[in-house]
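All values reported here derive from a predicted model rather than from experimental measurement. Counting starts at 1 for both ligands and their atoms, in listed order.
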Amino acid sequence: MNDNALMLRAENRITYLVVAAGRGSRAGEGLPKQYRSLGSRAVLSHTLSALHASAPEAAIQVVIHPDDKDLYNDCLTNLEPQALLRMQAPVFGGATRQESVRLGLEALAKLTPPEIVLIHDAARPFVDSDIVERAIKAAQTYGASAPGVVLTDTVKQVNSELMVVATPERQFLRAVQTPQAFQFPVILDAHRKAADNHREYTDDAMIAEFAGHGVHLFLGDIKNFKLTTPEDFERAMEIINRQTYADLPDIRTGQGYDVHAFEPGDRVWLGGVEIPHSFKLAGHSDADVLMHAITDAILGAIAEGDIGAHFPPSDARWKGAESKIFLSHACQRVRERGGIIAHIDATIICEAPKIGPHRDRIRHTLAALMALDVDRVAIKATTTEGLGFTGRKEGIAALAMATIRLPSQ
Ligand code: MG
């Protein structure tokens, strides 16, 4: 066997089978919950990233609903390139979770079957390398395994009249999570048997039990919870925000200032919004004074010069250019540094036109351009009480502050 073949074997040793074919929208918003957004990406996208980070050598097979092809492809656009390399083409699921898992396993059986398969819920994005490591070890040792969490509440068994019929001893009870980990032939065989016998179970561990295989429970983690209710989504968002901020501790601010003079015309551009006026602003580009100030503030926050250094006025390419090109470039530079823009605050200084009626459109336009929530974009306006060049209505000035967060150096 040559080196390449050896590597291929190592890569195929472990495969994640991610079950994402469910229609569950109990958490609201209509979309199946695995495709609902959690911050800037869908739940499934978070889950796939976490799985990849936990075992980068593992292949990832997702089982999806045929109606969700576009939603699934959208999830992939947010994945790290290294994770994308591990993704197998998706398989379509069936009417039940059990059938979806079986169809996924059958698809893997047709390729090069893995030694170990980790079957995971699409709506558990907080899986980590500790759980995955325990799962792989348990599958190697016991053939069939699942993560179990110790219960803190006493559990009662009740009858249909809600009368307690039993109080099982808590020390022998576990709440079971995913990834459930199996030697591939064990779980494939168990699923085939369950299907042949028309038996329906709620998790894969039960299917292994049905097939007569002992199932070991390894230590789960309460942080690895499944997103089901709106409250679960709120809790998940808090965790993701906290992670984002912890990963980007280097907070910087930058300032920008720009002025453009009026010349004959009938409209001005401010923050990407066209506003009718009795003059236009003179300039090499579209003279969007507000966008120029914001662009300079962002470039200032990353200490990468100013707008003139990136887009020299002497360069004919930028004559009449839309200023959103400049702003997008500055945002791109922040992204390339691994950072985010946390907040923009800007002030437009002029006697006219009136900014108030256009303020919200300007905020929304800028927020969309910078891929920010609109509550992270503040636009204010003031006159100078008739004083100075703005007071004499000779032009418009704009001031901006940008707050950005970068990874630690
Ligand atoms: Mg300018």
Atom OG1 in T15, atom CZ in R86: separation rounded to 0.5 Å? 10.5 Å

Is there an N/O/S atom in D258 that lies less than 2.8 Å from the Mg ion (ligand 1)? yes

Contact summary for L151 and A175, nearest pair of heavy atoms: CD2-CB, 3.7 Å

From the N, O or S atoms in H292, identify the one nearest to the Mg ion (ligand 1). ND1

Find, among atoms of H260 that are N, O or S, the one nearest to the Mg ion (ligand 1), and state its name. NE2

Using 4.0 Å as the upper bound for N to carboxylate O, is an ion pair formed by D232 and K33? no

Polar contact flag, side-chain donor to acceptor under 3.5 angstrom, S145-Q180: no

